[in-house]
Amino acid sequence: MNRGKYIVLTNNPLVFDKLEKTHEVIYLETTYEGLLREVRDRIHDGHLLLTHPLSGSVKPNETPYKSVLISAGKEEVDRRSLTIIENAIDACHKFQDKTGRYGESVLEDFQLIDWTLLESGLASADAW
Amino acid sequence: MRLEMGHIYIKDIQFASESKIEDGILYVSEEAVKAVALEDEKIKSVSFDIAKPGESVRITPVKDVIEPRVKVEGRGGIFPGVISKVDTVGEGKTYALKGMAVVTAGKIVGFQEGIIDMTGPGADYTPFSKTLNLVMVCEPIDNIKQHEYEKAVRFAGFRVATYIGELARDLTPDETKVYETCTIKEGMEKYPDLPRVAYVQMLQSQGLLHDTYVYGVDAKKIVPTILSPTEIMDGAIVSGNCVSACDKNPTYVHLNNPVVHDLFEQHGKTLNFVCQIITNENVYLADKQRSSDWTAKLCKMLDLDGVIVSQEGFGNPDTDLIMNCKKIEAEGVKTVIITDEYAGRDGKSQSLADADQAADAVVTGGNANQVVILPKLDKVIGTLDYVTKIAGASEETLREDGSLEVELQVLTGATNETGFNKLSAR
Amino acid sequence: MVKEIERAGIPVVHICTVTPISMTVGANRIVPAIAIPHPLGNPALDKDEEKELRRKIVEKALKALTTEVDGQTIFE
Amino acid sequence: MAKLKVVHYINQFFAQIGGEEKADYPVELRVGEVVGPGMALTQNFKDEAEIIATIVCGDSYFNENLEKAKAEILEMVKEQAPDIFIAGPAFNAGRYGVACGTIAAAVQEELGIPSLTGMYVENPGADMFKNQVYMVSTKNSAAGMRDAVKKMAPLAVKLGKGEKIGSSAEEGYMPNGIRVNFFEKERGSQRAVKMLIKKLAGKPFETEFPMPDFDRVDPNPAVKDLAHAKIALVTSGGIVPKGNPDHIESSSASHYGEYDITGVTDLTEDTYETAHGGYDPVYANEDADRVLPVDVLRDMEKEGIIGELHHLFYTTTGNGTAVASAKAFADEFSKKLVADGVDAVILTST
């Protein structure tokens, strides 16, 4: 495992629980879009986007959770990363916010799905 | 490869004491299909129902739709690596039961989506309002993990479809179609003047509930590869994808992939249909780069003149779609891409999450955010409990008169990105 | 206008205060300017300092013109 | 059901008053009259609508007295209180197209009366207004009148009745950035195969979804030898010689300026100013080098950093200048720049 080469940004408590001890995780109590904005700030700062911010077919504002991998190291601002994150933030506005209406078990399902999407990214990240 | 597809038209489905097909009528022994479904101990109970076109019936939450088939000649069997042993399929003779489908339903996650209306405005949008549907609603054992449940339902659907398909083994098809592809060299010699065309199919591969399997292999672990387009007709590709009902590809769509069939229509006439290339839609950006690089490389190595690229899903795959299109065009291979749009309820938002000028030939399956009112129907197969929670449904979803206000997103197959429907947008 | 100049075959650098606009209008070489009413100046400075500031921006613009770019690039 | 009431706007040419020489014809309201293309529209209304008044206005009059003409026409339309307002069709007539777009948008916006116009896709009025009012796509000359009114009349009736408007492909209006679903005759995969066959054969095909930024131009190669390069200055900041000799308008510029700076080493308060109306002009008027850095480039020319500063610069006012006309200006002066052997351009904007 090549831990330390990437950082996990998440607002998903399940992801934090699972990775807290073994990975560099930044947990933020924020919305889906808020999380994407945090990712964008870091891309402006020179981090590289490693996983797609719109991972998963569950739509923004439908699921409240999002986890994204970015590089631990910083370089020149990566334009490709910037374009992807900007488009992703834009896309948030196309969907009505439904995040306030779920029961606990549905939220847990959303957390799980977000985790598995991230997990598939981690598998690729760790293969490097 | 040469595959003979025998079509057996099903005119009606009825429950009966014995399963059989007679005069185009499928008789299903409920007891027998239940036993097939319950072979997996993770499924606690299953109920079967029949929904016919025009009936006041709503099926939800739909997981997969499968067309029953049986392989009567040639290597392997239907759903290789999943139900049948691993063996290369796509040649010989296969029978398909046309006009019907096995529909699996059940709440795998709390926000499970997918509606099939057999009548009304919803029926105009979902292609599965036109099939006679044998619906199975599976309940899992207690405390099962979601991914185990998904897998159990996925396999139960394939088992039941295979069981039904087997009933046709000794029948005589109503119609036979022959699909034949050439090897590279044969094709060059046989059709020296026709443009060499392939179909690039992007498979959903992002993780749990977002997976597709190729001969049983999880598509996120493949590098782009080549298939004979006849392989899909024997179930080489199956769906494990439960999210984004409107633009996910149910197994039915994989079996009947419209791009494959419409390219075959033109094969030897206006073009030479060389092969199908499959690639994936992973979440890791470096995976995307590798897969799109490889896809473009294969197009180049195969000396293609043109390709049709189809997408599956929303957001993340937009990036794969544009990367594929751009890189394939850069190799001098002409592309047409098929997608759908999320342009907002008012149609004013940017439809895709990525764009490039290389994508100058786009076919769209329509705006998935369009609002549609679904009237109250007499019967629900499955459960409506979660309809208010499904994608595209809103606060006011359940209106006073019992009708539902939803976005097209929730209707199974409504904005399919393989070009399965007539819906479009401008 | 920037696209038409580029299309005519002449490399062009766009000195522009609001760079997102420059991106939108399709400039490929972009140099950020100071402020809308005085893109290449700053009245708060004395004459010599202001000219020096202007020269820096023009130098950046010339550097942009002598740099090969692959798509839209902002020269900060 | 009562017929829908229509007010129709046309120019001096279609009112058969005259051509260019009559373009200064002032606004005129003809109540109860159906004029020129109005006849063809009436036929196509099929008794569902009728023209209750025609407004005639010369193209020059409209464009040169924009605010006045607009106010006059709005007043007339208001008075007639129609269910729908139709302007044109303007086909390829540029100023007529701009007038139709302007007035149709104004009627809709300010009076809340649904409006419709029609013109050729390359008419400058098309890009300016197609996203504001429904605009039927017509052929490029009046020979396309039959075809144009065939699309405009039914669309006008639908608009007047407040019916749901279908997609641009069904109704014949220019895509206006709003995506509308509809059912095609063939399934998507068939459409894709047909599109590919056309594309492979080099035949024209129509994408169902135009990419948002598809009009990008690839960057030209970098300047290799700056010390011998001829650099030209272009600005959208409206810098002009003092007194604005060519009367470049402060907004909605209808022409661009070309000025000789041979021997000019510094732009001063006494010699140059800005014609731009979109920003506080004080700083640019004090020292136009703040927008157009002639002083610095002259220094660099002397120092041998650049080969030469081109003796002409080009100026427009970015504010309010329609994209289409800015494009036309730039096309024109870019050709001159190429002919004059310019190696690179510095474009400054405010």
Side-chain angles (χ1 to χ4, degrees), chain A residues 6 48-63 67-71 78 80-81 83-98 100-128, chain B residues 108-113 145-147 204-211 218 220-221 241-245 247-248 281-288 290 312-320 342-345 348-355 368-369 386 388-395 407 409:
Chain A
Y6 54 81
L48 204 63
L49 187 64
L50 295 182
T51 58
H52 200 288
L54 295 177
S55 56
S57 298
V58 190
K59 309 298 183 295
N61 300 342
E62 182 193 359
T63 175
S67 305
V68 177
L69 289 186
I70 61 170
S71 65
D78 179 51
R80 182 72 189 149
S81 298
T83 313
I84 293 175
I85 192 72
E86 287 291 349
N87 285 333
I89 291 169
D90 260 6
C92 291
H93 304 142
K94 301 193 283 192
F95 301 93
Q96 295 187 320
D97 192 349
K98 293 180 228 126
R101 297 187 281 124
Y102 303 117
E104 196 56 34
S105 76
V106 178
L107 287 177
E108 279 171 17
D109 283 346
F110 277 129
Q111 291 177 8
L112 178 80
I113 292 300
D114 177 63
W115 158 246
T116 58
L117 292 166
L118 178 72
E119 213 180 7
S120 82
L122 287 173
S124 290
D126 289 334
W128 282 58
Chain B
I108 289 159
V109 284
F111 53 91
Q112 180 70 38
E113 53 182 0
K145 293 266 185 269
Q146 290 92 333
H147 67 273
Q204 182 63 261
S205 59
Q206 301 190 62
L208 178 62
L209 307 193
H210 293 79
D211 287 320
D218 184 346
K220 69 172 155 293
K221 293 174 183 157
N241 185 7
C242 310
V243 194
S244 207
D247 55 15
K248 72 168 186 180
E281 302 174 344
N282 290 9
V283 300
Y284 198 65
L285 295 176
D287 290 349
K288 294 183 183 306
R290 183 193 309 113
E312 182 175 2
F314 143 88
N316 169 45
D318 293 353
T319 298
D320 298 279
Y342 288 83
R345 288 188 164 208
K348 289 180 181 169
S349 297
Q350 199 43 257
S351 295
L352 299 180
D354 208 341
N369 292 125
Y386 299 92
T388 52
K389 304 258 165 39
I390 60 184
S394 71
E395 200 93 33
E407 293 180 17
Q409 284 188 65

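For clarity, every value in this text was computed on a predicted model and none was experimentally measured. Hydrogens, waters and symmetry mates play no part in the numbers below; they use all other heavy atoms, side chains included. Quick note on labels: first sequence line is chain A, next is B, and so on, each numbered from 1.
- Only the side chain of A:I113 comes within contact range of chain B, with heavy atoms under 4.5 Å apart.
- Heavy-atom distances place no part of B:E281 under 4.5 Å from chain A, backbone and side chain included.
- Side-chain atoms of A:S120 come within 3.5 Å of backbone N or O of B:Q206 as a donor-acceptor pair.
- Interface summary for chain A: among B:S205, B:C242, B:G315, B:G313, the most heavy-atom pairs under 4.5 angstrom belong to B:G315.
- In terms of heavy-atom proximity, B:A368 sits nearest to B:E407 at O-CB, 3.7 Å.
- Ring geometry, A:F95 versus B:F314: the interplanar angle exceeds 60°, so the pair is classed perpendicular (tilted spans 30 to 60°).
- Formation of a donor-acceptor pair under 3.5 Å by the A:D114 side chain with backbone atoms of A:F110 is not found in this model.
- Heavy atoms of B:L209 lying under 4.5 Å from chain A belong exclusively to its side chain.
- Of the two parts of A:L50, the backbone and the side chain both hold a non-hydrogen atom closer than 4.5 Å to a non-hydrogen atom of chain B.
- In terms of non-hydrogen atom pairs under 4.5 Å with chain B, the most contact-rich of A:G56, A:G121, A:S81 is A:G56.
- The backbone N or O of A:C92 lies less than 3.5 Å from a partner atom in the side chain of A:N61, making a donor-acceptor pair.
- In this structure, chain A has a heavy atom under 4.5 Å from the side chain of B:K288, while its backbone stays farther away.
- By number of non-hydrogen pairs under 4.5 angstrom with chain B, the leading residue of A:I84, A:D109, A:L54 is A:D109.
- With respect to A:R80 and B:D354, a salt bridge is recorded, a charged nitrogen being found less than 4.0 Å from a carboxylate O.
- Only the side chain of A:L69 comes within less than 4.5 Å of a heavy atom of chain B; its backbone N, CA, C and O stay farther away.
- Put simply, the side chain of B:D218 gets close to the backbone of B:K220: a donor and an acceptor are under 3.5 Å apart.
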